[in-house]
There are 2 protein chains.
Amino acid sequence: MSLPTPGKPVRGSKSGNHLMALFDLLGRSWSMGIIWRLHEGSCTFRVLQERCESISPTTLNKRLKELTQAFLIERTVDGYALTNKGKDIFLLLKPLESWAKDWAKNFKTDE
Amino acid sequence: MSLPTPGKPVRGSKSGNHLMALFDLLGRSWSMGIIWRLHEGSCTFRVLQERCESISPTTLNKRLKELTQAFLIERTVDGYALTNKGKDIFLLLKPLESWAKDWAKNFKTDE
DNA sequence: AGCTTTGCTATCAATAACGTAGCAAAAAAA
DNA sequence: TTTTTTTGCTACGTTATTGATAGCAAAGCT
C-alpha cells in the first residue's frame with residue numbers, strides 16, 4: 001500500500017481531501033500506536049517493537065517508512081523520533097486517552 | 001476480526017489498555033471516515049455508502065456493526081446515527097481537520 | 001399487484017498483516 | 001583485531017482483512 005497523499009485519491013476521497021488522507025494514514029494498523037509509543041522517547045527499532053508489545057517487524061518497518069514520508073517521524077542519533085509534526089499529532093490524539101478511559105466503563109459490566 | 005474490547009487483548013496491548021482498544025477500533029479502514037460522514041447527519045446505509053465515496057457494502061456493514069457495538073453508532077428512524085459518544089469522538093477528531101490542511105501543504109511542491 | 005428503494009449477504013479476488021527465521025552491517029567487547 | 005552482540009531489517013509462507021460485483025428478500029410506494 002502506498003502513502004496516502006493529499007491531492008491524490010485516498011480512502012474516503014477520490015479527490016484526495018486532506019483530512020481523508022490523514023485518516024487513511026492514521027487509520028492503518030499500528031499507526032496511532034506507534035506515534036503514541038514513540039512519544040515516550042526516541043528509540044531503536046527493536047525497542048519500539050517491544051513497546052508495541054506484538055507488532056511484527058514487517059509491519060513496523062512499513063509503518064515507519066510511511067510515517068517518515070508523511071513527515072511525522074525521523075531518524076536521529078537516538079533512533080526513531082517524532083518530528084514536530086509528529087508531536088503535533090500526538091497532542092491531538094492525547095485527549096482520546098481520558099475519553100477512552102471513560103468509554104471503557106461501558107464494557108466492564110458486559111458479558 | 002472481533003470488536004476491540006478494553007480489558008481484553010487488543011492490538012498494541014495484551015492487557016487491553018483502553019486507549020489501545022480505541023486505537024484498534026478507530027484504526028481500522030473507514031472507521032474514522034464513517035464517523036466523520038455520519039456527523040453530516042443521520043442517513044440510510046446506501047446514502048452513507050455514497051458519502052464515503054468508495055466503500056464496499058461488505059466493509060461498511062462490518063464497520064457499522066463494530067461501531068454500534070462500541071456504542072458510537074445507533075439506528076434511529078432516520079437510519080444510522082451517531083450516539084452521544086459518537087459525537088464526542090467526532091469532536092475529538094475535529095481538530096485534525098485544520099491540522100491536516102496545514103500538513104497537506106508539505107506535499108504540494110513534491111513530485 | 002407491480003416497481004423501487006433499501007439493507008444487506010454471497011462469492012471470489014486482491015491486498016495487508018502476521019510469525020518466524022535469519023542475515024548483513026554496525027557497535028561493543030575481548 | 002578477532003569475536004560476540006546488537007540492530008535493523010528482509011524473506012517467505014500463512015492467515016486475515018478489504019474490495020468488487022451481483023443480486024436477493026423485505027418494505028414502501030403507486
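Per chain, numbering begins at 1; letters A, B, ... match sequence-line order.
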Going by number, which of residues 31-45 of chain B have a non-hydrogen atom under 4.0 Å from DNA chain D?
none

Partners meeting side chain to side chain donor-acceptor pair (under 3.5 Å) with Ser56(A) (sequence neighbours left out):
Thr59(A)

Tell me: NZ of Lys65(B) to P of dG7(C), nearest whole Å?
14 Å

Partners of Pro57(A) by side-chain contact (heavy atoms from CB on, under 4.5 Å), sequence neighbours excluded?
Phe45(A), Gln49(A)

B/S/- along nucleotides 14-21 of chain C (protein heavy atoms under 4.0 Å) is --SSSBB-

Residues which pass side chain to side chain donor-acceptor pair (under 3.5 Å) with Asp102(B), listed by chain and number, not counting sequence neighbours:
Lys105(B)

Kindly calculate the angle separating the two end axes of the helix from dA1(C)-dT30(D) to dA30(C)-dT1(D), each obtained from five base pairs, and round it to 10 degrees.
30°

Spacing between Leu48(A) atom CG and dG8(D) atom C1', to the nearest angstrom:
12 Å

Under 4.5 Å between side-chain heavy atoms, counting indirect links through other Ile/Leu/Val/Met/Phe/Trp/Tyr residues: same cluster for Ile34(A) and Leu3(A) or not?
yes

Heavy-atom closest contact (His18(B) atom, Ala104(A) atom, distance)
CB-CB, 3.7 Å

List the atom pairs, with distances to 0.1 Å, where a side-chain N or O of residues 84-101 of chain A and a protein N or O form a donor-acceptor pair under 3.5 Å, not counting sequence neighbours.
residue, atom, partner, partner atom, Å
Asp88(A), OD2, Trp99(B), NE1, 3.1
Trp99(A), NE1, Asp88(B), OD2, 3.1

Between dA26(C) (P) and Arg46(A) (CZ): distance, integer Å
16 Å

Rounded distance (Å) that lies between atom C1' of dA20(D) and atom CG of Asn61(B)
15 Å

With side chain to side chain contact (heavy atoms under 4.5 Å, CB included) as the test, would you mind laying out the steps for Asn17(B) and Val10(B) before giving the verdict?
CA-CA 8 Å; Asn17(B) 169 279; Val10(B) 294; 5.8 Å; no

What residues from residues 73-80 of chain B pass a heavy-atom cutoff of under 4.0 Å to DNA chain C?
Arg75(B), Tyr80(B)

Residues Ser13(B) and Glu53(A): closest non-hydrogen pair is CA-OE1, 3.4 Å

Would you name the heavy atoms of Ser54(A) and Trp30(A) that are closest together and state the gap between them?
OG-CH2, 3.5 Å

Under the side chain to side chain donor-acceptor pair (under 3.5 Å) test, which residues partner Ser29(A), sequence neighbours left out?
Arg63(A)

Polar pairs (N or O, both sides) under 3.5 Å between protein and nucleotides 27-30 of chain D?
none

Please report the closest heavy-atom contact between Ser42(B) and Asp78(B), naming both atoms and the distance.
CB-CB, 3.7 Å

Smallest heavy-atom separation, Pro4(A) atom then Arg28(A) atom, equals CG-NH2, 3.5 Å

For the pair made of CG in Leu64(B) and P in dT6(C), what is the distance, rounded to whole Å?
15 Å

Hits for salt bridge (Lys or Arg N to Asp or Glu O under 4.0 Å) against Arg51(A), two or more places apart or cross-chain, chain-then-number order -> Glu40(A)

Throw together a table of side-chain donor-acceptor distances under 3.5 angstrom for residues 68-75 of chain B, partners on residues two or more places apart or in other chains.
residue, atom, partner, partner atom, Å
Thr68(B), OG1, Leu64(B), O, 2.6
Arg75(B), NH1, Tyr80(B), OH, 3.4

